[in-house]
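Written out below as structure tokens is the structure these notes cover.
Values reported hereafter were calculated over all heavy atoms of this structure, with side chains retained and with hydrogens, waters and symmetry mates removed. Since the structure is predicted, the reported quantities are computational estimates derived from the model, not experimental observations. Below, chains carry the letters A, B, ... as their sequence lines are ordered, and counting in each starts from 1.
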Number of protein chains: 2
Amino acid sequence: MENVTIKDVAKYAQVSIATVSRVLNDNYPVSKETKEKVLKAMNELNFKPNSIARSLKSNITHLIGVVLPDISNSFFMEIIKGIDSVVSKEEYSLILSYTDENFERELNVLKRLSQKRVDAIILASSNTDNKYVDDLIKENIPVVLIDRKIKNSNVDVIASDDFGSAYTLTKYLIEMGHKDICIVNGNLNVSTGIERYEGFKAAMMDHNIEIKDDFILNGYYSWEKAYEEVKKLIVDKKIVPSAIFAANNRMAEGTMLVLKENHLKIPDDVSLVTFEEIENQKLIEPKLTCIKQNALLMGKKAGQMILERIKDKEANPKEIVVVSDLVINGSVKKIN
Amino acid sequence: MENVTIKDVAKYAQVSIATVSRVLNDNYPVSKETKEKVLKAMNELNFKPNSIARSLKSNITHLIGVVLPDISNSFFMEIIKGIDSVVSKEEYSLILSYTDENFERELNVLKRLSQKRVDAIILASSNTDNKYVDDLIKENIPVVLIDRKIKNSNVDVIASDDFGSAYTLTKYLIEMGHKDICIVNGNLNVSTGIERYEGFKAAMMDHNIEIKDDFILNGYYSWEKAYEEVKKLIVDKKIVPSAIFAANNRMAEGTMLVLKENHLKIPDDVSLVTFEEIENQKLIEPKLTCIKQNALLMGKKAGQMILERIKDKEANPKEIVVVSDLVINGSVKKIN
DNA sequence: GTGAAAGCGCTAACAT
DNA sequence: ATGTTAGCGCTTTCAC
């Protein structure tokens with residue numbers, strides 16, 4: 001009963017293996033009788049086509065590699081759900097890898113996926129300078145970038161308007177009267193990190209507000225790092241900004257804990273905004289004013305894109321921008 | 001440059017394909033000179049071994065299927081991290097699938113994994129009656145159950161002591177003076193759901209406390225369901241229990257929102273305990289008294305187990321219980 | 001409508 | 001130490 005092959009089925013049904021294959025794929029004429037005979041044989045022997053062998057012939061593995069920096073972040077989990085909901089309908093499975101924002105690890109993972117001959121890769125790279133993507137494409141493995149862009153690569157991209165949204169969010173703080181605004185930056189090797197920072201700077205500059213050196217913190221998209229950096233500012237340096245802009249949800253969470261531990265109330269003592277909603281937002285007081293990205297939709301679009309790309313590798317790369325919303329909650333104090 | 005095979009390398013280096021294979025695997029004697037010649041050829045042609053072809057020969061895919069009910073739950077994400085940290089060292093990749101507690105979907109996913117010829121499967125089944133697991137094992141695909149057991153299957157298991165922990169947690173409530181305790185059950189088709197309920201009942205019975213029908217809620221491990229059910233009890237029926245036992249974190253979150261919306265303070269108005277810590281616990285007042293499982297460790301153990309099992313399919317199945325802690329926080333009121 | 005046979009890229013037994 | 005060859009399970013072209 002173990003590892004029944006097409007050959008066994010053929011013998012059992014007393015036909016050739018070619019016929020079995022034809023029944024299996026239903027792509028060539030087979031007489032009704034033989035077809036039934038074969039199907040019966042398959043059933044009785046509990047035959048399952050070996051997809052490895054199929055892949056070897058067809059060069060199609062029905063495997064999509066998904067490479068993300070942080071799988072505990074619900075933002076990326078939503079993306080996975082979005083991707084899966086689209087591609088699983090076409091019988092694709094996802095190989096999930098995460099990199100922890102570590103570029104070396106990312107390269108290893110990509111290499112492994114390439115050897116596994118995945119049909120395509122969906123990538124949120126931890127480095128704008130990822131040159132390996134070009135190699136992948138040369139090797140005929142299409143890549144769709146999600147959330148994070150890279151330099152010089154002529155590939156499909158699905159991302160948010162990080163610059164614009166950061167600008168909007170900062171502008172909102174400014175219009176609420178804030179000037180002493182601290183930014184907790186994300187990973188500045190990453191397009192989103194850079195663009196959010198640029199958006200922030202542009203808004204500040206456009207309103208002629210100076211950004212103090214002390215108020216530029218590097219949180220690398222990490223909860224812990226953000227916690228440390230904000231703590232250094234507030235506890236060690238004893239500087240309390242009027243508002244804090246956290247460049248992602250994890251860092252907003254770390255920031256909130258510092259504030260909580262030091263009995264600084266949001267928004268009375270410090271205002272806080274974040275790029276991407278924090279976990280369990282609904283249960284936390286106050287809800288944070290934030291940019292809310294549509295991660296599920298991004299995932300779905302990426303799934304569609306990758307399916308199209310697998311079918312047509314020559315089409316011109318597309319860049320899709322998924323709009324994010326500014327959600328105003330009660331975490332920003334109005335200053336006269 | 002595209003799809004260089006062992007054959008191309010052989011021609012380029014002017015040796016036989018066998019020699020190339022030998023260099024590739026470094027498992028047979030090859031003279032230093034030829035070896036270098038071949039390595040050079042590989043390099044210059046940018047050769048990458050086709051792991052599909054290898055798999056076809058060896059029957060080893062270096063793929064492990066991971067099937068989980070809910071990937072947005074940090075509990076399961078930690079499990080993935082644990083698994084990955086162990087198996088990626090041995091060059092395994094993970095195919096991730098989630099089932100949303102839907103058993104049909106689970107069966108589909110398992111079938112797909114079996115056809116993909118994964119080397120093994122790590123499964124948190126959404127039904128104790130999963131008989132397909134036996135088929136998988138017959139097909140020579142080892143299975144390790146994680147978190148959730150199934151009936152009658154002679155397979156490796158790595159789980160928590162759900163009964164015991166639920167008993168402990170309930171006993172704690174009782175010792176704090178609670179009698180009107182409401183349980184929000186998980187999925188009662190699942191071993192954890194059942195055992196947690198059983199543990200709860202046993203503790204109640206041992207202390208001669210009657211469980212009221214109104215206080216047995218079915219939340220199916222779903223945030224939304226729990227929210228609905230608790231709301232029905234508290235808002236529609238206008239019954240406020242003295243304490244609530246939520247059988248997992250998502251349901252505790254749903255429950256908390258109902259309480260919050262109805263201005264019921266924890267623990268003053270209602271006490272609440274949960275099986276597994278909620279997301280962003282640190283930022284939420286009050287922190288919930290809970291059973292804290294060691295998900296990362298469970299994942300690591302599962303990873304080790306699966307590697308051992310792949311190496312030795314005949315060894316007797318093991319069952320490992322990972323201990324959970326009762327973490328007492330301020331969410332339970334002491335009643336005289 | 002069906003069968004024979006080549007071949008996908010690789011490994012390993014056998015031969016030299 | 002190296003080459004020749006069969007074969008892993010399947011698809012597909014070419015005969016009939």
Sub-4.0 Å heavy-atom contacts from [range] onto DNA chain C, ordered by number:
range                       : value
residues 53-62 of chain A   : A:Leu56, A:Lys57
residues 25-41 of chain B   : B:Asn25, B:Asn27, B:Tyr28
residues 110-117 of chain B : none

Is the closest side-chain donor-acceptor distance between B:Tyr28 and B:Thr19 under 3.5 Å?
no

Looking at [X], does any N or O in its side chain come under 4.0 Å of the phosphate oxygens OP1/OP2 on [N]?
X       : N      : result
B:Thr5  : C:dG9  : no
B:Thr19 : D:dG3  : yes
A:Ser21 : D:dT11 : yes

Please report how far the helix from C:dG1-D:dC16 to C:dT16-D:dA1 bends, comparing the axis fitted to its first five pairs with the axis fitted to its last five, to the nearest 10 degrees.
50°

Just to be sure I understand the rule, does [X] reach a base, reach only the sugar-phosphate, or reach nothing, if contact means heavy atoms closer than 4.0 Å?
X       : answer
B:Ile17 : base
A:Leu24 : sugar-phosphate
B:Val15 : sugar-phosphate

CD1 of B:Ile158 to CD1 of B:Ile83, rounded to nearest 0.5 Å, is 9.5 Å

Can A:Asp84 and B:Arg105 be counted as an ion pair, charged N to O under 4.0 angstrom?
yes

Atom NZ of A:Lys35 with >12 non-hydrogen neighbours under 6.0 angstrom
no

Separation of C:dA4 P from A:Lys7 NZ (nearest whole Å)
13 Å

In whole angstroms, the gap separating C1' of D:dC10 from CE of A:Met42 amounts to 12 Å

Mind listing the N/O atom pairs, protein and nucleotides 14-16 of chain C, below 3.5 Å?
none

Please name all residues satisfying side-chain hydrogen bond (donor to acceptor under 3.5 Å, both in side chains) with B:Asp119, sequence neighbours left out, ordered by chain then number.
B:Thr61

Output the single nucleotide from D:dC8, C:dA12, C:dT11 whose closest atom is nearest the side chain of B:Ala18.
C:dA12

Run the numbers on A:Asn127 and A:Ser125 for side chain to side chain donor-acceptor pair (under 3.5 Å), then give the verdict.
CA-CA 5 Å; A:Asn127 199 308; A:Ser125 180; over 6 Å; no

